[in-house]
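These notes concern the structure reproduced below.
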Amino acid sequence: MHHFQHKNGSLFVEDVSVRDLAKQHGTPLYVYSTATLKRHFEAFDSAFQSMPHLTCYSVKANSNLAILRLLAGMGAGMDIVSGGELYRALLAGVPADKIVYSGVGKKPEEIRQALTAGILMFNVESMQELIRINDVARDMGKVAKVSFRINPDVDPQTHPYISTGMKKNKFGLNIELSLEAYSLARDLPAIEPVGMDCHIGSQLTSIAPFMEALDKLLAFYEKLKGMNLDIQYLDLGGGLGIPYSEEEPPHPTEFGAAVTSALKGLPLKLILEPGRVIVGNAGILVAEVLYTKQTPSKNFVIVDAAMNDLVRPSLYGSFHRIEEVQQSGRAVGDVDVVGPICESGDFLAKDRQLAEVRQGELLAVYSAGAYGFTMSSNYNTRPRAAEILVDGDKATVIRRRETYENLVANEI
Ligand SMILES: *Cc1c(COP(=O)(O)O)cnc(C)c1O
């Protein structure tokens with residue numbers, strides 16, 4: 001977080017004053033740091049340099065084209081979960097053969113788009129999906145490369161909504177079914193099984209669940225060996241956590257060392273799908289204080305950013321650090337930071353210790369770079385925020401603030 005710092009009491013993103021940005025572009029405003037994005041990608045990617053690997057950034061964490069372009073320029077592939085994300089990745093100049101396609105509900109049209117583009121592989125999540133991919137590929141006279149997303153039944157010790165690799169989750173195939181899937185895949189004319197895949201959850205703060213999943217995948221790999229398949233890829237998914245508050249997730253270097261050592265000597269190319277760890281702490285959401293309101297039981301700070309801008313606190317009860325953009329040195333009190341949306345679930349922070357703030361002042365909501373803008377909506381007919389990418393002393397608008405006209409443009 002070295003690129004988001006107070007200088008003389010005023011918050012800067014790299015060399016750009018957040019107050020100046022807010023004055024110029026209004027609020028709520030997402031602001032990202034190029035230096036942070038680059039540093040995070042490099043730190044992650046280099047952690048696996050001892051073996052053949054491809055880091056496929058998970059587009060859904062933050063899909064702004066400027067950010068995709070930046071990462072593509074550093075050699076990133078992409079992990080996509082929809083035809084829309086494929087469109088974005090291609091538009092950003094990501095080579096199709098660096099794109100992997102995950103998700104439980106790929107539509108025939110999306111499968112066709114991916115085959116037309118020539119993506120590296122589909123991460124297949126059900127038998128029916130496999131058959132559908134085969135049908136679409138056969139009709140197109142193509143062969144689809146696939147991995148199966150194996151559900152290793154590992155508890156990632158994270159929020160239930162973001163754990164994906166347990167028996168009860170909708171994702172992937174269990175180990176027994178996976179064996180059947182590979183054997184069916186081998187016999188389908190338009191399918192070429194080339195890899196194994198898993199993604200057990202998000203915001204993991206320890207390496208153990210990853211290693212448990214990896215062990216299960218490697219044991220499974222041994223079983224596949226007798227089946228005359230050419231398995232070349234092992235995709236370990238994403239999920240490495242970041243510090244939002246007090247958590248101390250493993251550094252990518254530590255994660256990389258554990259994974260590469262477990263894979264040593266195996267003829268496999270590793271694929272990784274990091275999202276949050278690349279962009280999460282590379283962005284903040286800036287909001288203006290509209291009102292402060294004291295009630296007998298609570299004190300509220302009402303800001304102009306809401307759950308439609310950043311839904312994580314409402315959806316997962318997530319913690320986002322919030323600080324004044326201009327440090328005031330005023331006394332700290334206990335407040336709820338809430339937005340203007342007509343829902344009691346619309347809050348950015350509950351029972352938070354915050355210096356007393358006043359109308360018109362600015363707050364920075366930290367760690368908002370991942371699953372912030374991408375999960376935003378127009379609820380309450382609120383235009384979505386503008387996004388700014390800072391690079392040194394330069395600030396570029398990478399997404400204009402939506403207008404009311406934008407909001408009704410498709411309505412008839
Ligand atoms: C969301 C997702 C990721 C990225 O997860 P992070 O926790 O942001 O790293 C990777 N792979 C798949 C399949 C996903 O759905």
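Each ligand, and each atom within it, is numbered from 1 in the order the structure gives. Along the sequence shown, the residues carry numbers beginning at 1.
With contacts defined as side-chain heavy-atom distances shorter than 4.5 Å, the pair Ile302/Thr292 does not qualify. For the pair Cys56 and Lys98, the minimum side-chain heavy-atom distance is 4.5 Å or more. Counting only heavy atoms from C-beta outward, the side chains of Phe4 and Asn281 never approach each other to under 4.5 Å. Side chains of Leu68 and Met78 form a contact here, defined as non-hydrogen atoms less than 4.5 Å apart. Here the side chains of Leu290 and Pro340 are in contact, with some heavy-atom distance below 4.5 Å.
The distance criterion of under 3.5 Å between nitrogen or oxygen atoms is not met by Ser102 with respect to ligand 1.
Atoms of ligand 1 lying under 4.0 Å from any heavy atom of Ser202, numbered from 1 in the order shown and given with element: 6 (P), 7 (O), 8 (O). Heavy-atom proximity to Arg149, at under 4.0 Å, picks out these atoms of ligand 1: 13 (C). Interface of Glu273 with ligand 1, defined as ligand atoms under 4.0 Å from a residue heavy atom, comprises 3 (C), 4 (C), 9 (O), 10 (C), 11 (N), 12 (C), 13 (C). Of all atoms in ligand 1, numbered sequentially from 1 with element shown, those under 4.0 Å from a heavy atom of Pro274 are 9 (O). Each of the following atoms of ligand 1 lies closer than 4.0 Å to a heavy atom of Ser58: 1 (C), 2 (C), 3 (C), 4 (C), 10 (C). The Arg276 neighbourhood of ligand 1 comprises atoms 6 (P), 8 (O), 9 (O), with distances under 4.0 Å to a heavy atom of that residue. Against a heavy-atom cut-off of under 4.0 Å, Tyr371 is close to the following atoms of ligand 1: 1 (C), 4 (C), 5 (O), 6 (P), 8 (O). The ligand atoms of ligand 1 that sit less than 4.0 angstrom from a heavy atom of Gly275 are 6 (P), 8 (O), 9 (O).
Scored by the ring-ring contact (aromatic ring centres under 6.0 Å, His included) test, Tyr182 finds Phe148, Phe220 as partners (sequence neighbours excluded).
For the pair Ala370 and ligand 1, no heavy-atom separation below 4.0 Å is found. Ligand 1 lies less than 4.0 angstrom from a heavy atom belonging to Gly239. Under a 4.0 angstrom heavy-atom cut-off, Val277 registers as lying outside contact with ligand 1.
The aromatic rings of Tyr32 and Tyr30 sit parallel to each other, their planes meeting at less than 30°, with 60° as the upper class boundary.
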side-chain contact (heavy atoms from CB on, under 4.5 Å) evaluation trace for Leu240 with Phe44: CA-CA 10 Å; Leu240 192 59; Phe44 190 92; 4.2 Å; yes

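The nearest heavy-atom contact from the protein to atom 14 (C) of ligand 1 is Lys60 NZ, 2.8 Å.
For Asn64 (side chain) and Ala66 (main-chain N/O), a donor-acceptor pair under 3.5 Å exists by modelled atom type.
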